[in-house]
Amino acid sequence: MATILSIQSWVAYGHVGNAAAVFPLQRLGHEVWPIHTVQFSNHPGYGGFRGTVFDPAQIIALVAGLDERGVLARCDAVLSGYLGEAGTGDAILDAVARVRAGNPKAIFCCDPVMGDDKSGLFVRPGIPEFFQTRAMAVADVVTPNRFELELLTGTKVASLAETIAAARQLIDRGPKLVMVTGLMSPILAEGQIGTLAVTRDHAWLATSPELQFSITPNGTGDLLAALLLGHILNGRAPNDALSGAVSALFAILEQAAARNLREMPLEVEQNRLIHPPQVVPALPIG
């Protein structure tokens with residue numbers, strides 16, 4: 001069992017941010033300390049929501065409270081996601097520094113949530129700059145989608161070769177592992193969706209059939225980042241961690257598509273998180 005400090009969004013209804021990450025990490029056998037960057041009634045994609053973005057000072061205070069209890073030394077990883085505002089980036093880096101002061105081997109897994117190909121950029125000003133200029137130098141694992149990888153590197157990503165090259169640009173800035181999510185046509189064959197894991201010397205691709213939804217569930221990237229980190233902390237190599245994460249996500253989404261669900265059925269189908277019925281292999285590509 002590892003201990004993870006997870007700092008990201010929270011929704012009362014649905015599964016995004018911590019509401020997509022905490023329970024799956026617990027099912028993988030980990031202890032999770034969630035701190036929320038925002039608290040919303042639901043994902044804004046529903047067309048409306050209520051809630052608030054928390055002041056970064058509150059996040060810093062909560063982490064300081066954990067520090068005062070003397071427990072951060074047994075924290076094995078920090079997972080970050082949706083920030084809410086740019087100042088929250090400072091709170092994230094403060095948390096990572098406090099954790100590493102007690103445990104220098106602690107992993108920082110940064111999901112640089114900024115936007116996607118469908119919606120474009122959907123975060124407040126200053127957040128992309130935080131990820132581009134500061135977070136990459138501190139993170140061990142980074143999990144952008146294709147759109148976010150272009151933002152982080154300032155390069156066009158329209159093929160597998162370009163995706164690998166862009167991921168290695170990030171690795172040159174600090175991270176050891178980059179997972180790129182949501183790869184589709186024309187990067188992959190029509191009807192396929194892929195996730196790529198890249199290190200300095202290796203790359204692996206896991207592909208699965210593109211499922212059909214009337215409305216695609218939110219939070220898939222949040223869940224995938226959490227599963228990847230959870231498997232890494234369970235001692236799995238990057239390719240095996242990628243395979244385990246993608247297999248579980250596909251198993252959950254398969255059920256959502258079959259029932260035409262807008263939210264991922266994490267609780268009802270929780271055994272699929274641990275024992276997905278179909279293994280999606282992560283194949284070496286370069």
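For clarity, every value in this text was computed on a predicted model and none was experimentally measured.
Proximity of Val63 to Leu72: side-chain heavy atoms (C-beta onward) are separated by under 4.5 Å at one or more points. You'll find the side chain of Val113 reaches within 4.5 Å of the side chain of Phe122, heavy atoms only. In this structure, the side chains of Leu253 and Met264 come closer than 4.5 Å at one or more pairs of heavy atoms. Proximity of Trp33 to Val71: side-chain heavy atoms (C-beta onward) are separated by under 4.5 Å at one or more points. Proximity of Val99 to Asp76: side-chain heavy atoms (C-beta onward) are nowhere separated by under 4.5 Å. The closest side-chain heavy-atom distance from Val157 to Val180 is not below 4.5 Å. A 4.5 Å side-chain heavy-atom check between Val142 and Phe131 finds every atom pair outside the cut-off. Residues Ile232 and Pro238 have side chains not in contact (no heavy-atom distance under 4.5 Å, counting atoms from C-beta outward).
Closest heavy-atom contact between Ile187 and Ser159: CG1-N, 3.8 Å. Closest of all the heavy-atom pairs between Thr153 and Ala166 is CG2-O, 3.5 Å. Closest heavy-atom contact between Ala106 and Ala77: CB-N, 4.4 Å. Cys110 approaches Ala139 most closely through the heavy-atom pair CB-CB, 3.9 Å. Here the closest heavy-atom approach between residue Val11 and residue His43 is recorded as CG1-N, 3.8 Å. Of all heavy-atom pairs spanning Pro265 and Gln255, the tightest one is CG-CB, 4.2 Å.
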query = Run the side chain to side chain contact (heavy atoms under 4.5 Å, CB included) check on Leu283 and Leu205 step by step: do they pass?
reply = CA-CA 5 Å; Leu283 302 177; Leu205 179 67; 5.7 Å; no
request  = Start with the C-alpha distance between Leu83 and Val123, add both sets of side-chain angles, then the distance that settles side chain to side chain contact (heavy atoms under 4.5 Å, CB included), and finish with yes or no.
outcome  = CA-CA 8 Å; Leu83 299 185; Val123 294; over 6 Å; no
key: Audit row: Val280, Thr207, side chain to side chain contact (heavy atoms under 4.5 Å, CB included) steps and yes/no   = CA-CA 7 Å; Val280 179; Thr207 61; 5.8 Å; no
task = Starting from the C-alpha separation in whole Å, work towards a yes-or-no answer on side chain to side chain contact (heavy atoms under 4.5 Å, CB included) for Leu242 and Met179.
result = CA-CA 8 Å; Leu242 175 65; Met179 179 178 73; 4.0 Å; yes
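Using modelled atom types, one side-chain atom of Ser41 and one backbone atom of Arg50 make a donor-acceptor pair closer than 3.5 Å. Without hydrogens or angle criteria, Asp116 side chain to Arg146 main chain gives no donor-acceptor distance under 3.5 Å. Judged purely by atom type and a 3.5 angstrom limit, Thr37 uses its side chain to pair as donor or acceptor with the backbone of Tyr82. Between the side chain of Asn145 and the backbone N or O of Gly115 there is at least one donor-acceptor pair closer than 3.5 Å. Distance alone, capped at 3.5 Å, is enough to place a donor-acceptor pair between the Gln270 side chain and the Glu267 backbone. With hydrogens and angles ignored, the 3.5 Å screen pairs no side-chain donor or acceptor of Glu150 with any backbone N or O of Phe147. Judged by distance alone, with hydrogens and angles left aside, the side-chain atoms of Thr133 form a donor-acceptor pair with the main-chain N or O of Glu129 at under 3.5 Å. For Asn18 (side chain) and Ile35 (main-chain N/O), a donor-acceptor pair under 3.5 Å exists by modelled atom type. Between the side chain of Glu269 and the backbone N or O of Ile252 there is no donor-acceptor pair closer than 3.5 Å.
Partners of Asp240 under the salt bridge (charged side-chain N to carboxylate O under 4.0 Å, His left out) rule, at least two apart in sequence or in another chain, do not exist in this structure. Residues satisfying the salt bridge (charged side-chain N to carboxylate O under 4.0 Å, His left out) criterion with Asp55, sequence neighbours excluded, are absent altogether. A search for salt bridge (charged side-chain N to carboxylate O under 4.0 Å, His left out) contacts involving Arg27 returns nothing, not counting sequence neighbours. By the side-chain contact (heavy atoms from CB on, under 4.5 Å) test, His30 is found to be paired with Ala2, Ile4, Leu25, Leu28, Leu233, Asn234, residues two or more places apart in sequence or in another chain being considered. Listed by chain and residue number, Ser243, Ser247 satisfy the side-chain contact (heavy atoms from CB on, under 4.5 Å) test with Val279 (two or more places apart in sequence, or in another chain).
For the atom pair Leu66 CG and Arg98 CZ, the distance stands at 9.5 Å (nearest 0.5 Å). The CG atom of Leu149 sits 10.5 Å away from the CD atom of Glu162 when rounded to the nearest 0.5 Å. From Ile127, atom CD1 reaches atom CG of Leu151 across 12.0 Å, with rounding to the nearest 0.5 Å. Annotation: the span from Met136 atom CE to Gln132 atom CD amounts to 9.0 Å, rounded to 0.5 Å. A distance of 6.5 Å separates CD in Glu254 from CD in Gln278, rounded to the nearest 0.5 Å. Rounded to the nearest 0.5 Å, atoms CG (Leu170) and CG (Leu152) are 5.5 Å apart.
The cluster map of Ile, Leu, Val, Met, Phe, Trp and Tyr, joined by side-chain heavy atoms under 4.5 Å apart, puts Ile164 and Met184 in different clusters. Val32 and Leu273 fall within the same hydrophobic cluster, defined by Ile, Leu, Val, Met, Phe, Trp and Tyr side-chain heavy atoms under 4.5 Å apart, directly or through other members. Under a hydrophobic-cluster definition in which Ile, Leu, Val, Met, Phe, Trp and Tyr are linked whenever side-chain heavy atoms come within less than 4.5 Å, directly or via other members, Leu266 and Leu79 are assigned to the same cluster. Cluster membership check: Ile193 does not share its hydrophobic cluster with Ile285, using side-chain heavy-atom separations under 4.5 Å among Ile, Leu, Val, Met, Phe, Trp and Tyr. Residues Leu160 and Val178 share a single hydrophobic cluster, defined by chaining ILVMFWY side chains whose heavy atoms lie under 4.5 Å apart.
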Enumerate, atom names and distances included, each donor-acceptor pair closer than 3.5 Å involving a side-chain atom of residues 213-230, sequence neighbours excluded.
residue	atom	partner	partner atom	Å
Ser214	OG	Asn260	OD1	2.9
Asp222	OD2	Gly17	N	2.8

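Under a 4.0 Å N-O distance rule, the pair Arg168/Asp172 does not qualify as a salt bridge.
By the 6.0 Å and 45° rule, Arg100 does not stack over the aromatic ring of Phe108.
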